[in-house]
Amino acid sequence: MIARSAINFRHLSKFELRQIGYFMEIVDAEHSFSEASQRLNIEQPALSQRIKSLETVLGVKLFNRKRRPPELTEAGKVFFQQAQLGLTYIDRAITQAQRASRGEIGHLTVGIGSIIANGILPDVLRQFTKNFPDVELELRELTVEQEIQQLREHRLDMGFESIPSPYEQDTSLSFEPIIQEPFVIALPQTHPLATQTQIPLKALENEPFILPSLDVMPFYKKVLTLCEQAGFQPKIQNVQATWTMTILSLVASELGVAILPSNIQNLQRQGVVYRAIQNANLTRQIAVVWQRDNSSTALHNFLKVIKDVTQQSEFRPHS
């Protein structure tokens, strides 16, 4: 429930805020009705009448007109002090509303995962908080399925997703590609292939593969296809590994090799090295996704920062 302010709105229906402004102007003119009327470009009798109308509505006398110039009564002094506070709040409300309209204040909820956290996310967050320090950012570490669900329920402003995606057909969502990223091979530091700077997929024919579940990351079907095109069926280890750090731990344990997005190289895991894939067109596109009807200016400011950061990235999407 929206709290009511100290202003009595039943009174506001009986007179205009303009009359309070006239009263404040008279006080500012050192109680001179004539000077205030000149400032306001209004006839003095009309100004006097409007102050009397204000006094009638309030049920108090604001000025002692027997004095020259008129003096504020005790009620007038209290009303002036409180009116100043009220106008300060109104001025602040106007300023804050304008800032909110420009996306300079507000709240933004962003879904993140390893798909973006190891890549451009730190640069995006650093730039956004620099440009918009008063926007409260809430970051949620979610799976793709959780992100999509919360976007549909309007509990999330935006997230990140690999494309093509099975959710792209959802007309309530907007997808915009931001990065095209190659993959690398992660293998144990002691592996014989670690001496090479580039490794062809065919060289992994006899290696056990550590792959995430295809149900969780269907993109890896493309990895299997490329292996088949290279002339072999990969030997997939019987492990349920989804999170990047788990996969790296298994590689460090010499249980197998893994094919991972190149942003994984930002993570230093003892016992693991990364090598480029030779002669294999293996890339993925990452898109930012948000509710199509989300008109939040803060959201669109965040999207612009993402665009600015990715334009400087070596993995920006091809036009």
Side-chain angles (χ1 to χ4, degrees), residues 1-110 125 127-139 154-157 293-302 304-305:
M1 180 178 179
I2 299 176
R4 293 172 65 90
S5 72
I7 297 175
N8 190 320
F9 289 94
R10 288 175 298 177
H11 286 165
L12 281 179
S13 66
K14 297 177 182 178
F15 65 87
E16 300 177 87
L17 282 172
R18 186 182 299 115
Q19 291 170 296
I20 298 178
Y22 293 154
F23 166 75
M24 303 297 284
E25 190 66 43
I26 293 169
V27 177
D28 187 65
E30 297 182 350
H31 310 168
S32 172
F33 277 65
S34 60
E35 183 178 340
S37 65
Q38 291 176 7
R39 293 183 184 179
L40 295 166
N41 195 25
I42 186 174
E43 295 292 333
Q44 183 174 335
L47 176 60
S48 180
Q49 184 58 46
R50 289 176 183 179
I51 296 302
K52 287 180 180 179
S53 176
L54 175 58
E55 290 175 324
T56 298
V57 171
L58 295 177
V60 300
K61 290 291 183 182
L62 297 174
F63 291 99
N64 180 357
R65 291 174 175 79
K66 295 179 180 180
R67 300 293 183 91
R68 289 292 179 269
E71 293 181 350
L72 284 174
T73 63
E74 288 302 313
K77 293 176 183 178
V78 171
F79 184 72
F80 174 71
Q81 293 171 349
Q82 297 301 312
Q84 277 187 313
L85 290 175
L87 292 175
T88 297
Y89 282 117
I90 290 174
D91 184 64
R92 180 184 177 189
I94 293 171
T95 299
Q96 293 296 85
Q98 291 171 339
R99 293 190 67 203
S101 178
R102 294 191 297 266
E104 296 173 0
I105 60 173
H107 182 93
L108 202 60
T109 306
V110 179
L125 295 179
Q127 189 62 49
F128 184 79
T129 54
K130 177 182 177 182
N131 294 352
F132 304 97
D134 294 327
V135 175
E136 181 184 1
L137 275 179
E138 179 182 348
L139 305 178
H154 297 274
R155 294 191 291 126
L156 194 69
D157 289 303
D293 63 358
N294 190 334
S295 60
S296 164
T297 307
L299 167 63
H300 291 280
N301 286 341
F302 196 91
K304 184 179 184 304
V305 169

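Positions are given from 1, in the same order as the sequence printed here. What you see is a predicted model, and the numbers here were worked out from it, not measured in a lab.
For R67, the salt bridge (Lys or Arg N to Asp or Glu O under 4.0 Å) partners two or more places apart in sequence, or in a different chain, are E71. For N301, the side-chain hydrogen bond (donor to acceptor under 3.5 Å, both in side chains) criterion is met by no residue, not counting sequence neighbours. Partners of E136 by salt bridge (Lys or Arg N to Asp or Glu O under 4.0 Å), not counting sequence neighbours: none found. Legend: residues meeting side chain to side chain contact (heavy atoms under 4.5 Å, CB included) with I42, ordered by chain and number and at least two apart, are Y22, S37, L40, A46, L47, R50. For Q127, the side-chain hydrogen bond (donor to acceptor under 3.5 Å, both in side chains) partners two or more places apart in sequence, or in a different chain, are N131. Taking K52 as the reference, nothing meets the salt bridge (Lys or Arg N to Asp or Glu O under 4.0 Å) condition, with sequence neighbours excluded. Take T109 and apply the side-chain hydrogen bond (donor to acceptor under 3.5 Å, both in side chains) test, not counting sequence neighbours, and it matches H107. In this structure T95 satisfies the side-chain hydrogen bond (donor to acceptor under 3.5 Å, both in side chains) test with no other residue, sequence neighbours excluded.
The two residues L87 and M24 make their nearest non-hydrogen contact at CD1-CG, 3.9 Å. A pairwise comparison of heavy atoms in A75 and K61 identifies CB-O, 3.9 Å as the closest pair. Heavy-atom minimum distance, A298 versus L108: O-CD2, 3.8 Å. Nearest heavy-atom pair across P70 and R65 is CB-CA, 4.3 Å. Residue E30 comes nearest to P69 through the heavy atom pair O-CG, 4.1 Å, listed as atom of the first residue, atom of the second, then distance. Among all heavy-atom pairs drawn from A36 and A29, the shortest one is N-CB, 4.0 Å.
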### Task
Take I20 and F79 through the side-chain contact (heavy atoms from CB on, under 4.5 Å) test and state the conclusion after the steps.
CA-CA 10 Å; I20 298 178; F79 184 72; 4.3 Å; yes
#### Entry: Residues N64, H31; criterion side-chain contact (heavy atoms from CB on, under 4.5 Å); working and verdict
CA-CA 10 Å; N64 180 357; H31 310 168; over 6 Å; no
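Inter-residue side-chain proximity for L125 and V110 is flagged as unmet; no heavy-atom pair is nearer than 4.5 Å. Using a 4.5 Å cut-off on side-chain heavy atoms (C-beta onward), L137 and F132 make no contact. By the 4.5 Å heavy-atom criterion applied to side chains, L62 and F80 are not counted as neighbours.
Within the structure, side-chain hydrogen bond (donor to acceptor under 3.5 Å, both in side chains) contacts touching residues 79-89 (residues at least two apart or in different chains) do not occur. Among residue pairs with one or both ends in residues 35-68, those qualifying as ring-ring contact (aromatic ring centres under 6.0 Å, His included) are F23-F63, F33-F63; sequence neighbours excluded. Pairs of residues two or more places apart, or lying in two chains, that qualify as salt bridge (Lys or Arg N to Asp or Glu O under 4.0 Å) and include a residue from residues 37-48 are E25-R39, D28-R39, E35-R39. Evaluation of the salt bridge (Lys or Arg N to Asp or Glu O under 4.0 Å) test over residues 75-99, restricted to residues two or more places apart or in two chains, returns E74-K77, R99-E104, R99-D134.
Counting only distance, with no hydrogens or angles, the side chain of H154 and the backbone of N294 share no donor-acceptor pair below 3.5 Å.
Interatomic distance, CD of Q49 versus CD1 of I51, reported as 10.5 Å (0.5 Å rounding).
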